[in-house]
Amino acid sequence: LSESGKNIIFVWILGHVGIPGNEAADAAAKEATRCQIIDVTQIKPSDSKRAVAKYTFDSRQNRWRHASTHLRLIKPSVSPWSPAVNLTRKERVCLHRLRLGHTALTHSYLLLGLQPPTCNLCLEPLTVPHIIIDCRHAAQARELFNLSGNISDCLTKPTEIRKLLTLLKYIDYYWKI
């Protein structure tokens with residue numbers, strides 16, 4: 001900073017001396033260190049908001065960590081999704097269905113009372129991971145679009161999302177999702 005022509009002066013200022021609110025806070029902090037039980041009736045809701053938010057987040061994350069759902073495999077954190085930018089409404093709907101693992105293509109049989117569907121190309125059970133990662137007959141198309149082999153990346157990273165949607169259109173699954 002001195003090379004850029006700026007002068008810096010450090011000044012020491014007493015912290016709590018003579019300021020009534022700070023003196024009271026300092027006295028309360030010292031008293032709290034001597035007590036086994038602390039009276040929290042004087043804590044304002046705004047003061048505890050951050051602690052409550054962190055506790056709530058940590059609790060949700062812990063429950064989520066032990067959940068056995070398709071979505072947890074794709075999204076290991078309860079943090080909000082990154083926004084899917086530059087996608088049409090249909091593309092966002094398709095993406096959300098894929099993330100949930102429930103699409104018309106893979107789950108409509110439940111409503112119709114039919115047997116679970118199989119892949120038209122390899123006769124394996126038709127699931128979202130099968131469509132995106134596992135189908136060996138779609139491997140060439142995945143290579144053509146340079147799609148990641150990681151399902152989480154395919155459904156969370158913007159560049160991979162675009163490739164995935166293009167792939168689904170190419171293999172004629174997009175409109176069936």
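Keep in mind that what you see is a predicted model, and the values were worked out from it rather than measured. Throughout, residue positions are numbered sequentially from 1 according to the sequence presented.
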Atom [atom1] of [X] and atom [atom2] of [Y]: how far apart are they, to the nearest 0.5 Å?
X    : Y    : atom1 : atom2 : answer
K176 : C94  : NZ    : SG    : 12.5 Å
Q61  : S77  : CD    : OG    : 4.5 Å
R162 : N86  : CZ    : CG    : 7.5 Å
Y109 : Q115 : OH    : CD    : 9.0 Å

Can you see which heavy atom on [X] is nearest to which on [Y], and at what distance?
X    : Y    : result
R97  : I177 : NH1-O, 3.4 Å
L147 : L164 : CD1-N, 3.7 Å
S148 : C154 : O-SG, 3.2 Å
I133 : G149 : CD1-O, 3.4 Å

**Study point:** Residue pairs, two or more places apart or on separate chains, that pass ring-ring contact (aromatic ring centres under 6.0 Å, His included) and touch residues 148-177
**Key:**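 Of all non-adjacent pairs touching residues 148-177, those that pass ring-ring contact (aromatic ring centres under 6.0 Å, His included) are F145-Y170.
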
Review point. Can you list every ring-ring contact (aromatic ring centres under 6.0 Å, His included) pair that touches residues 83-104, not counting sequence neighbours?
Key: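 Sorted result for residues 83-104: H102-H107.
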
Practice item. Apply the test side-chain hydrogen bond (donor to acceptor under 3.5 Å, both in side chains) to residues S59 and T56: give CA-CA distance (whole Å), side-chain angles for both, the deciding distance (0.1 Å), then the verdict. Key: CA-CA 5 Å; S59 296; T56 303; over 6 Å; no

Review point. Is there side-chain contact between Q140 and E143, with heavy atoms separated by less than 4.5 Å?
Key: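 A side-chain contact under 4.5 Å is absent here.
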
Point to revise | same_hphob_cluster(L98, V93) at 4.5 Å side-chain heavy-atom cutoff | key: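 Result: no, two separate clusters.
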
